Amino acid sequence: MQEKLITIEIDENGNSSLDLEGFQGQGCGDVAKDFRGGDSVTQSSKKREFYAQTVAVKQSQQQM
Amino acid sequence: MSQYEELTTTMTDQQYLVEALTEMGYKPEVQTAGAALRGYGGVSWNRPVQVTIPREQLRGALAPVGFGRDETGVFQAVIDDLDRKCTGLNESWLGRVAQAYKERQTMAVAKTKGYVFRGREVVQTPQGPKVQLRFAVR
């Protein structure tokens with residue numbers, strides 16, 4: 001199983017970005033929430049992995 | 001004649017702020033209840049500050065730098081205008097304080113939430129150096 005890795009990048013103004021590897025579906029939301037704290041989000045985009053579990057669930061529902 | 005000016009930050013935690021300044025080589029003085037900030041020529045700031053970097057620690061500066069909480073609890077930097085223009089105590093300097101602050105805050109959150117630290121790297125980018133912190137889920 002792929003290790004779940006979190007990379008946080010902080011620029012010279014104290015702005016940070018969060019990159020998640022090995023996460024699927026909503027699991028990344030909790031991590032983002034942990035590190036976001038009271039900060040506001042200015043940009044958010046989901047990787048392909050986010051949709052992987054959603055698609056798998058839909059396929060399994062269709063097979064039933 | 002110089003005067004104090006206030007520069008906006010988003011920092012709210014005194015401990016991380018003090019740790020960030022310490023990391024940058026300063027020995028900040030803390031007055032949690034707040035203290036007056038007096039600068040060059042007897043100029044003083046109109047609000048108390050909680051964290052001060054004495055002038056002696058700021059190479060070539062005319063006045064100490066203060067960080068005082070505003071009415072919402074956010075720290076605002078109070079810097080002499082001549083020091084901001086001539087000694088590098090400007091927005092870029094304050095950005096580096098914010099960068100060090102955010103690193104401290106991130107490490108503390110990771111520790112509290114049980115993430116496993118995997119490493120730190122400074123990445124050079126056209127926009128300046130970025131600190132990269134890596135964690136794994138336990």
Side-chain angles (χ1 to χ4, degrees), chain A, chain B residues 7-13 16-17 19-21 23-24 67 72-75 77 88 90-138:
Chain A
M1 187 176 169
Q2 188 185 356
E3 188 177 37
K4 293 178 179 176
L5 284 174
I6 303 154
T7 303
I8 295 171
E9 212 168 70
I10 307 166
D11 72 14
E12 271 204 309
N13 293 310
N15 299 315
S16 61
S17 62
L18 179 76
D19 184 67
L20 304 175
E21 295 170 50
F23 289 81
Q24 289 186 346
Q26 299 292 341
C28 57
D30 294 336
V31 176
K33 194 175 167 188
D34 283 346
F35 284 101
R36 189 168 63 228
D39 294 350
S40 56
V41 177
T42 53
Q43 191 179 353
S44 174
S45 60
K46 294 178 175 65
K47 289 175 154 182
R48 187 181 300 171
E49 291 87 340
F50 175 83
Y51 301 100
Q53 194 179 44
T54 312
V55 172
V57 170
K58 279 183 182 170
Q59 283 175 344
S60 121
Q61 284 172 341
Q62 284 168 352
Q63 284 166 0
M64 286 174 69
Chain B
L7 276 72
T8 304
T9 89
T10 58
M11 298 181 281
T12 55
D13 192 294
Y16 302 146
L17 172 59
E19 288 178 7
L21 295 171
E23 169 70 24
M24 293 172 74
F67 290 87
T72 63
V74 179
F75 279 106
N90 50 23
E91 289 80 354
S92 295
W93 176 82
L94 194 56
R96 290 195 294 279
V97 176
Q99 186 181 38
Y101 173 97
K102 187 66 185 175
E103 185 176 347
R104 294 288 163 286
Q105 184 187 44
T106 302
M107 292 298 293
V109 167
K111 189 175 178 185
T112 303
K113 300 286 184 180
Y115 295 102
V116 182
F117 181 58
R118 282 279 191 260
R120 176 189 189 273
E121 199 177 339
V122 178
V123 183
Q124 298 299 331
T125 75
Q127 292 78 38
K130 290 185 178 182
V131 174
Q132 208 175 67
L133 303 171
R134 288 173 73 83
F135 303 95
V137 175
R138 199 184 293 273

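From a predicted model like this one, the values you see are computed outputs, not experimental measurements. So that the names make sense, note that chain A is the first sequence line, chain B the second, and so on, each numbered from 1.
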> Looking only at side chains, do B:Lys102 and B:Gln105 share a donor and an acceptor under 3.5 Å apart?
Replying inline: yes
> For the candidates B:Ala136, B:Ala98, B:Pro129, which exhibits the highest count of non-hydrogen atom pairs separated by less than 4.5 Å from chain A?
Replying inline: B:Pro129
>> Looking at every heavy atom in both B:Val131 and B:Glu103, which two are closest together, and how far apart are they?
In response: CG1-OE1, 3.6 Å
> Can you check whether B:Leu7 reaches B:Asn90 side chain to side chain, under 4.5 Å on heavy atoms?
Replying inline: no
> Is it the backbone or the side chain of A:Ser16 that comes under 4.5 Å from a heavy atom of chain B, or both, or neither?
Replying inline: side chain
>> At a heavy-atom distance under 4.5 Å, which candidate from B:Gln127, B:Glu121, B:Arg118 has the highest pair count against chain A?
In response: B:Arg118
> Looking only at heavy atoms, what is the nearest atom pair of B:Asp13 and B:Phe75, with distance?
Replying inline: C-CE1, 4.0 Å
> Is there side-chain contact between B:Val116 and B:Phe135, with heavy atoms separated by less than 4.5 Å?
Replying inline: no
>> Only pairs of heavy atoms separated by less than 4.5 Å count here; which of A:Asn13, A:Ile10, A:Asp34 has the most with chain B?
In response: A:Ile10
> By a 4.5 Å heavy-atom criterion (distance strictly below it), what part of B:Ala100 contacts chain A: side chain, backbone, both, or neither?
Replying inline: neither
>> Less than 4.5 Å to any heavy atom of chain A: does that hold for the side chain of B:Tyr101, its backbone, both, or neither?
In response: neither
